[in-house]
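Below you'll find the structure, written out as C-alpha cells, and then a few comments.
What you see below is based on every heavy atom in this structure, not just the backbone, and it leaves out hydrogens, waters and symmetry mates. Just so you know, these numbers come straight off a predicted model, no measurement behind them. For ligands, and for the atoms within them, numbers begin at 1 and follow the listed sequence.
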Amino acid sequence: MSVTVNNKTSLNFLNGRWIPSVTGEIQESRNPANSNEIVGTVQRSSEVDLDNSVKAAKEALTAWKKLSGPERGQYLFKVANILEQRLDEIGECMTKEMGKTFPEAKGETKRAVDILRYFAGEGMRKKGDVIPSTDNQALMYTTRVPLGVVGVITPWNFPAAIPIWKIAPALIYGNTVVIKPATEAAVTMSKIIACFDEAGLPPGVINMVTGPGSKVGQAMIDHPDVNALTFTGSNQTGKKVAQGALDRGAKYQLEMGGKNPVIVLDDADLDLAVEQTINGGLRSTGQKCTATSRIIVQSGIYEQFKNKLLEKIKRIKIGDGMTNEVWMGPCASENQLNTVMSYIHKGSEEGATLIAGGKRLQDNEFADGYYVEPTVFENVTSDMTIAQEEIFGPVLALMKAETIKEALDLANDVKFGLSASIFTRNIANMLTFIDDMEAGLVRVNAESAGVELQAPFGGMKQSSSHSREQGQAAIEFFTSIKTVFVK
Ligand SMILES: NC(=O)C1=CN([C@@H]2O[C@H](COP(=O)(O)OP(=O)(O)OC[C@H]3O[C@@H](n4cnc5c(N)ncnc54)[C@H](O)[C@@H]3O)[C@@H](O)[C@H]2O)C=CC1
Ligand SMILES: O=C(O)CCC(=O)C(=O)O
C-alpha cells in the first residue's frame with residue numbers, strides 16, 4: 001500500500017509568528033481510517049518552546065487586559081467569521097486526523113463558531129454587582145479581573161469545540177493563552193489557530209505549542225508564570241494537573257472521564273430509547289466523555305429493548321468518515337483501538353456475555369484502519385471492569401433492574417458522575433431520577449451526550465474538579481472577583 005503524504009508541516013504559533021520547535025523534531029499525524037495516509041506533521045516541541053510561549057503570553061497580558069470587553073469581543077467575532085468560512089476544510093482535516101464522520105466534524109466546527117460568538121457577546125455584559133454597604137456614604141461593588149496567563153491542555157476527541165470553549169472565555173475576560181493540543185488533533189488545531197492569526201489578535205495573546213504531554217504539558221503545569229490551567233482528558237493526567245497546580249497555587253479546572261448510564265423503564269418509548277442509546281453510545285465511535293456506556297433496562301421490557309437494539313446496531317455502516325453513508329468511523333488511534341480491544345477481552349474474561357460485535361475489522365477496506373465493531377455485552381454486573389472504567393469506544397454494557405430504585409443504585413455505583421439519561425413517560429420517575437442521579441448533566445428522554453454551549457457543563461464525583469465550563473459558568477473560572485469599597 002502506498003503512503004499518501006501531505007507535506008505540510010504545522011509550526012508552533014508563538015508571539016504572533018509561526019515558528020519551528022527549538023528541538024528541530026517533528027511528529028506525523030496519521031489518518032486512523034487509513035494509517036498509510038499522513039495528514040500532516042506537527043512540531044515535537046520541548047519545555048524551551050513552552051517557556052518561550054509563556055513569556056510571550058505574559059508580555060501580551062498588560063495591553064490585552066486593558067482593552068475593553070467589547071473591543072476583545074470584536075476580535076472573537078472576526079475569528080468566528082474566518083472559521084465559519086473554513087467549515088469544510090477544517091471539518092475534513094478533523095475527520096482525517098481523528099476519524100469522526102465528516103458531518104459530525106463539520107457540525108463541531110460550526111459549534112466552535114457559535115461558541116466564539118457567544119463569548120464575543122459576553123464582552124458586552126456586566127461583570128459585577130453593586131452591593132449595599134452598611135456605610136451609607138460608600139459605594140461597594142464587585143468587579144472581575146483576568147487571572148493572567150491561562151494554560152489550556154486539550155484532548156483529541158473534540159478537536160475544535162473543547163479548545164474553543166476554553167480559549168474563547170479565557171480571552172474575552174482578558175487573559176492570554178498558551179494551548180497545548182493533543183498531538184492526535186494538532187494539525188486541526190493549527191488550522192484553527194490560523195483563524196486567530198488572520199483575525200489579527202495582538203502578538204502573544206494566543207500561542208500554541210504542540211508536543212508530548214509528558215514534556216510540554218508537564219512544563220505547562222509546572223511553569224510559575226502560568227496562572228491557571230484548564231484541562232480535559234483522562235483522570236490520570238487530570239490528577240497530575242491538579243497536583244501540580246495545587247503545589248504552586250495556580251487555579252485549575254478539570255473535565256475528565258465518564259461512565260454514563262441510560263436507564264430505560266418499562267413505560268419508555270422503546271424506539272426512541274433505542275435510537276438515543278445508539279446515538280449516545282456509538283456516535284463518534286463512543287469517544288465522548290458523555291457517551292452512554294451502561295444501559296440499565298427494567299426487566300419487563302429487557303428482551304424487547306435488547307432485540308430492537310441489536311437489530312438496529314446490525315445496520316450501522318462503519319467506514320472512513322469521509323464516505324457519505326458511513327455512520328461510524330474508526331477509533332482515533334492505534335492506542336485507542338488497543339485500549340478498546342483490551343476492555344472487550346476483559347469483559348468476556350470477567351463473565352459478561354458478548355451478544356454483538358467484539359472484533360477488530362481488518363478485511364478489505366478496513367485493512368489499514370483502526371476499526372472495531374459496535375459491541376454489546378449483557379449479564380454485566382457492577383463489579384466488572386467494563387461496568388466501572390471509561391472505555392472510550394463503541395462498547396455498550398446491558399444491565400437489568402427490577403425497579404427504578406435498583407436502576408438508580410446501579411447507575412450511581414461508579415466513581416464518575418458526568419452525564420446520565422432516563423427513558424420513561426412517568427413524571428414521578430423523571431423527578432426521582434433528576435433528584436437522585438449523581439451526574440452533572442441529567443437528561444430525560446434524550447441521549448446522554450449533548451452539550452449546549454450556553455449551559456454549564458461539568459461532572460460530579462471524579463468526572464471533574466467540581467467546576468463548570470461554558471455558558472455563564474465560564475466566568476467563574478476565568479476571572480477572579482474583586483470586592484471594591486469606595487468612600
Ligand atoms: N474526558 C474526555 O473528554 C477524554 C477522556 N479521555 C480518556 O483518556 C484516555 C486516554 O486518552 P489520552 O489521549 O491518552 O488522554 P490524556 O489525558 O493523556 O491526554 C489529554 C491531554 O493531556 C496531555 N497530557 C498527557 N500527559 C500529560 C502530562 N503528564 N502533563 C500534562 N499534559 C499531559 C495530552 O498530550 C493531551 O493534550 C482515553 O482512553 C479516555 O478514556 C481521553 C480524551 C478525552
Ligand atoms: O460536547 C459534547 O457534545 C460532549 C463533550 C464530551 O463528551 C467530551 O468532552 O468528551
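- With hydrogens left out, the protein atom closest to atom 26 (N) of ligand 1 is Thr237 CG2, 3.6 Å, a heavy atom.
- For the 3.5 Å distance criterion, the side chains of Thr9 and Thr41 qualify, holding a donor opposite an acceptor.
- Counting the atoms of ligand 1 from 1 in the order shown, those under 4.0 Å from a heavy atom of Ala182 are 37 (O).
- No hydrogens or angles considered: nothing links the side chains of Thr353 and Glu378 as a donor-acceptor pair under 3.5 Å.
- In this structure, Phe158 has no heavy atom closer than 4.0 Å to ligand 1.
- Listed by number with element, the atoms of ligand 2 under 4.0 Å from a non-hydrogen atom of Trp165 are 1 (O), 5 (C).
- Using a distance-only test at 3.5 Å, with no hydrogens or angles considered, no donor-acceptor pair links the side chain of Ser464 to the main chain of Met460.
- A salt bridge between Glu37 and Arg30 is absent, with no side-chain N of the basic residue lying under 4.0 Å from a carboxylate O of the acidic one.
- Between Ser10 and Ser190, the side chains place a donor N or O and an acceptor N or O closer than 3.5 Å (distance only, hydrogens not considered).
- A distance below 6.0 Å separates the ring centres of Phe392 and Trp156.
- Here the heavy atom of the protein found nearest to atom 4 (C) of ligand 1 is Phe392 CZ, 3.4 Å.
- In summary, the atoms of ligand 1 found under 4.0 Å from a heavy atom of Ile221, numbered by their order in the structure, are 30 (N), 31 (C).
- Residue, atom and distance of the protein heavy atom nearest to atom 10 (C) of ligand 1 are Ser234 CB, 4.2 Å.
- Below 3.5 Å of separation, one finds an N or O of Thr290 facing an N or O of ligand 2.
- Distance remark: protein heavy atom not present below 4.0 angstrom from atom 14 (O) of ligand 1.
- Side chains of Met208 and Phe196 form no contact here, defined as non-hydrogen atoms less than 4.5 Å apart.
- Inspection of the Lys317 and Thr323 side chains reveals no N or O donor paired with an N or O acceptor under 3.5 Å.
- Atom 28 (C) of ligand 1 has its closest protein heavy atom at Gly213 O, 3.3 Å.
- Interface of Ile162 with ligand 2, defined as ligand atoms under 4.0 Å from a residue heavy atom, comprises 9 (O).
- For the residue pair Ser45 / Asn12, a side-chain donor-acceptor distance below 3.5 Å is found, with atom types taken as modelled.
- Using a 4.0 Å cut-off between charged side-chain N and carboxylate O, Glu47 and Lys215 make no salt bridge.
- Residue Gln236 does not touch ligand 1, judged by heavy-atom distances below 4.0 Å.
- The heavy atom nearest to atom 35 (O) of ligand 1, considering only Lys180, Glu255, Gln287, Met189, is found in Lys180.
- Per-residue contacts place Glu390 under 4.0 angstrom from the following atoms of ligand 1 (heavy atoms of the residue considered): 5 (C), 7 (C), 40 (C), 41 (O).
- Taking a distance limit of 4.0 Å, we find that atom 19 (O) of ligand 1 is approached by no protein heavy atom.
- By the 3.5 Å distance cut-off applied to N or O atoms, Trp156 is counted among the residues near ligand 1.
- Gln336 and Tyr370 share no donor-acceptor pair across their side chains, judged by distance under 3.5 Å alone.
- For the residue pair Asn260 and Thr292, no side-chain donor N or O sits within less than 3.5 Å of a side-chain acceptor on the partner.
- Contacts between Thr154 and ligand 1 below 4.0 angstrom, taking non-hydrogen atoms only, involve the backbone exclusively.
- What sits closest to atom 38 (C) of ligand 1 on the protein, heavy atoms only, is Gln336 OE1, 3.7 Å.
- Within the 4.0 Å heavy-atom criterion, both parts of Gln218, backbone and side chain, lie near ligand 1.
- Ring pair Tyr371/Phe366: centre-to-centre distance below 6.0 Å.
- For ligand 2 and Asn157, the ligand atoms under 4.0 Å from any heavy atom of the residue are 8 (C), 10 (O).
- Shortest contact from atom 2 (C) of ligand 1 to any protein heavy atom: Cys289 CB, 3.6 Å.
- For the residue pair Gln472/Glu122, the side-chain donor-acceptor check at 3.5 Å is satisfied.
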* Could you walk me through whether Lys96 and Glu92 pass salt bridge (Lys or Arg N to Asp or Glu O under 4.0 Å), step by step? => CA-CA 6 Å; Lys96 290 190 169 168; Glu92 180 174 345; 3.0 Å; yes
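- Considering backbone and side-chain atoms alike, Met256 places an N or O below 3.5 Å from some N or O of ligand 1.
- Between Arg111 and ligand 2, an N or O atom pair is found at a separation short of 3.5 Å.
- Cation-pi check for Lys100 over Phe158 is met; the charged atom lies under 6.0 angstrom from the ring centroid and within 45 degrees of its normal.
- When each atom of ligand 1 is checked for a heavy atom of Pro155 under 4.0 Å away, the hits are 43 (C), 44 (C).
- Backbone and side-chain nitrogen or oxygen atoms of Cys289 are examined, and one is located within less than 3.5 angstrom of a nitrogen or oxygen of ligand 2.
- Numbered from 1 in the order shown, with element, the atoms of ligand 2 that lie under 4.0 Å from a heavy atom of Lys288 read 7 (O), 10 (O).
- There is no side-chain donor-acceptor pair under 3.5 Å between Ser293 and Glu390.
- When only non-hydrogen protein atoms are considered, atom 23 (C) of ligand 1 lies nearest to Ile153 CG2, 3.7 Å.
- Here's the thing with Thr232: none of its N/O atoms is less than 3.5 angstrom from an N/O atom of ligand 2.
- Here the protein heavy atom with the shortest distance to atom 5 (C) of ligand 2 is Phe158 CE1, 3.7 Å.
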